[in-house]
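The structure appears below as structure tokens.
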Amino acid sequence: MSCDNGKPRKVIPITPEPQEGGPEYVPMFASEKKVYSRSISGLFSRWRWIMVFLTQIVFYGLPWLQWGERQMVLFDLGARRFYLFGLVLYPQDFIYLTGLLIISALALFLFTAVAGRLWCGFSCPQTVYTEIFMWIEGKVEGDRSARMRIDKGGWTFEKLWKKSLKQFLWIALSLWTGFTFVGYFVPIRELGVELMALQGGWQIFWVLFYGFATYGNAGYMREQVCKYMCPYARFQSAMFDKDTMIVSYDAARGEGRGPRKKDADYKAQGLGDCIDCKLCVQVCPVGIDIRNGLQYECIGCGLCIDACNSVMDKMEYPRGLIRLTTQNAVAKAWKQVQVMRRIFRPRVLIYSSVLLALSAAMIASLVLRQPLKADVIRDRASLSRIVAGGKLENVYRLQIMNATESEQRYRISAVGLEHLEVASEQEVVVGPAETRGIAVRLQIPYGSAEPGSHAVHFNVDAVNPEAGRTSEKAVFLVPR
């Protein structure tokens, strides 16, 4: 008690002690429990590993492939050149990146509308690397029960060497992943030599940065990235409908849950097909119970389907208590044929049509793309001047970009005014994947054109017809 103006006042502690029979105090924060997922074999598990192998063969192998004398895929930010197989792209080709992002977004919408979170469950880098890190953890520390036992126990010699070996393998894989990622932006062979010599401060920084991100996300954060950091989990429901294929639990068939003997007449006991073994929860990489219905945490990996089917086989019950199906199919007991018919609904057809049209336009644009670009800038220091011979001259800066892999010779001409001629060098040589700027002087006889600005066109033609041609508009100024 304390006194305030003679009146007693009760002092309440900031963290009151719970009293017997009193209200229960619930903490505002609960730490995330570690998910110990059990390994399982089955159709979906095999497909997940197929996608792991395919994605990682492409990711780790692509930077080492050569296209002629250069790296096959290289985004050279320093030189502002982007090499993609036989293509050489410049910053002016940024529209292709925009198109690729739009196509990727539409493909994600299409796949989500048809079969839910296929990307999350099978191809997302977070899923793929988490699967690899968990595989390493399982090989070193043992199965689910062994890992739980090691984590709960004290620091014995067994725990020390297993944890140390796991950390070494995780760090090695993370650093190799960071090295490979940076190898898409710096020639990977040169990068390897620089790192061995401890040269290139920024390269070392980015290798360590991406290695640390891989180590933290796949080694420790795992499902928390999917649940709390990834925005896709939050807005995926906007792309779902009742005909979207999702991992579903057939409650009408499975309830009520309960253990029983294999040869027991469980229906007479009021039980469903679910024996409440909780194997579907133990194999889930995000630690949810799919029997509670669709949840935003579900990444659609299908491992609970493999686990449940294995139990159904042992109990000699029909498969499919947990299956990849639609909400309408479960509610209305549709057959597989009816489910497949609803895949081609208007929403899916619209997504497919737009995606096909954009992809065709993108491919056509790349095929018809000219391997030559030119930009014209007027010389601001000298807008218009009279030179020897009674000529009126305008000076321009012509930037020629050779987007081929070989040296090219280009001819420069100009049209648009009578007696217009190029008074400077009319042929220029540009090296492979090089940009060259030259000064170009256009002249006309003085008095041959009315005062004012007149449109002219610069024509740049490659001596080799396959190297392309282009035309750029400019303005010729005639003073009053």
Side-chain angles (χ1 to χ4, degrees), residues 35-48 111-118 120-122 144 223 226-227 233 236-237 239-345 348:
V35 175
Y36 295 89
S37 59
R38 181 192 295 269
S39 61
I40 191 71
S41 61
L43 176 64
F44 290 93
S45 176
R46 286 193 293 271
W47 269 110
R48 277 168 62 87
F111 298 152
T112 304
V114 173
R117 297 178 66 176
L118 281 179
C120 294
F122 295 88
R144 180 175 183 267
E223 76 283 349
C226 303
K227 292 166 66 173
Q236 63 163 334
S237 58
M239 293 179 280
F240 281 14
D241 57 30
K242 292 188 176 181
D243 289 311
T244 298
M245 301 279 288
I246 57 175
V247 178
S248 305
Y249 168 68
D250 193 342
R253 174 185 157 187
E255 302 298 320
R257 310 171 195 169
R260 79 291 305 271
K261 294 182 179 179
K262 181 178 178 179
D263 54 352
D265 185 4
Y266 63 94
K267 292 186 178 179
Q269 302 175 20
L271 298 175
D273 285 0
C274 179
I275 67 172
D276 201 22
C277 62
K278 294 184 173 58
L279 195 61
C280 57
V281 181
Q282 295 175 14
V283 301
C284 180
V286 293
I288 65 170
D289 190 343
I290 194 63
R291 297 174 298 177
N292 295 334
L294 178 64
Q295 299 152 69
Y296 81 90
E297 296 95 338
C298 177
I299 61 173
C301 64
L303 295 182
C304 54
I305 299 177
D306 289 338
C308 188
N309 283 341
S310 68
V311 174
M312 294 296 104
D313 291 343
K314 292 177 182 178
M315 298 298 294
E316 297 181 357
Y317 296 167
R319 286 187 164 201
L321 178 59
I322 302 176
R323 60 188 184 272
L324 189 65
T325 187
T326 68
Q327 289 179 300
N328 275 335
V330 173
K332 301 175 183 179
W334 281 354
K335 295 182 178 179
Q336 192 65 24
V337 176
Q338 294 172 292
V339 175
M340 297 303 293
R341 284 176 186 167
R342 287 298 301 162
I343 288 180
F344 301 101
R345 54 195 184 276
V348 173

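Everything numeric in this text was worked out from a predicted model, so none of it was measured. Because only heavy atoms are used, hydrogens play no part in the values below, and waters and symmetry mates are left out as well, while side chains stay in.
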Between V330 and R323, does the side-chain contact (heavy atoms from CB on, under 4.5 Å) criterion hold? Intermediate values first, please. CA-CA 10 Å; V330 173; R323 60 188 184 272; 4.1 Å; yes

With sequence neighbours left out, write down each residue that passes side chain to side chain contact (heavy atoms under 4.5 Å, CB included) with V281, or none if nothing qualifies.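 Scan of V281 (side chain to side chain contact (heavy atoms under 4.5 Å, CB included), adjacent residues dropped) gives D289, R291.
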
Between K314 and E316, does at least one N-O distance fall below 4.0 Å, as a salt bridge requires?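 Salt bridge flag = no for E316 with K314.
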
Under the salt bridge (charged side-chain N to carboxylate O under 4.0 Å, His left out) rule, collect the residues that match up with D306, sequence neighbours excluded.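 In terms of salt bridge (charged side-chain N to carboxylate O under 4.0 Å, His left out), with neighbours along the sequence ignored, D306 is linked to no residue.
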
For Y266 and D273, test the side chains for any donor-to-acceptor distance below 3.5 angstrom and give the result as yes or no.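 A donor-acceptor contact under 3.5 Å links the two side chains.
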
Taking atom types as modelled, is there a side-chain donor on T244 or D241 under 3.5 Å from an acceptor on the other?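 Yes, a side-chain donor-acceptor pair sits under 3.5 Å.
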
Checking S45 against L303 for the side-chain contact (heavy atoms from CB on, under 4.5 Å) test, could you report, in this order, the C-alpha distance in whole Å, the side-chain angles of both residues, the deciding distance, and whether it holds? CA-CA 6 Å; S45 176; L303 295 182; 3.9 Å; yes

For D313, is there any backbone N or O sitting under 3.5 Å from a side-chain donor or acceptor partner on R319?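 Checked: no pair found.
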
Do any N or O atoms from the side chain of Q295 and from the backbone of G293 form a donor-acceptor pair under 3.5 angstrom?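 Flag set: sc Q295 to bb G293 pair under 3.5 Å.
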
Kindly check if the number of other-residue, nucleotide or ligand heavy atoms within 6.0 Å of CZ (R345) is above 12?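 Counting neighbours around CZ of R345, more than 12 heavy atoms of other residues, nucleotides or ligands fall under 6.0 Å, so yes.
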
side-chain contact (heavy atoms from CB on, under 4.5 Å) between L321 and M312: does it pass, once the steps are laid out? CA-CA 8 Å; L321 178 59; M312 294 296 104; 4.1 Å; yes

For side-chain contact (heavy atoms from CB on, under 4.5 Å), just list the numbers for E255 and Y249, CA-CA rounded to whole Å, side-chain angles, deciding distance to a tenth of an Å, and then say yes or no. CA-CA 10 Å; E255 302 298 320; Y249 168 68; 2.7 Å; yes

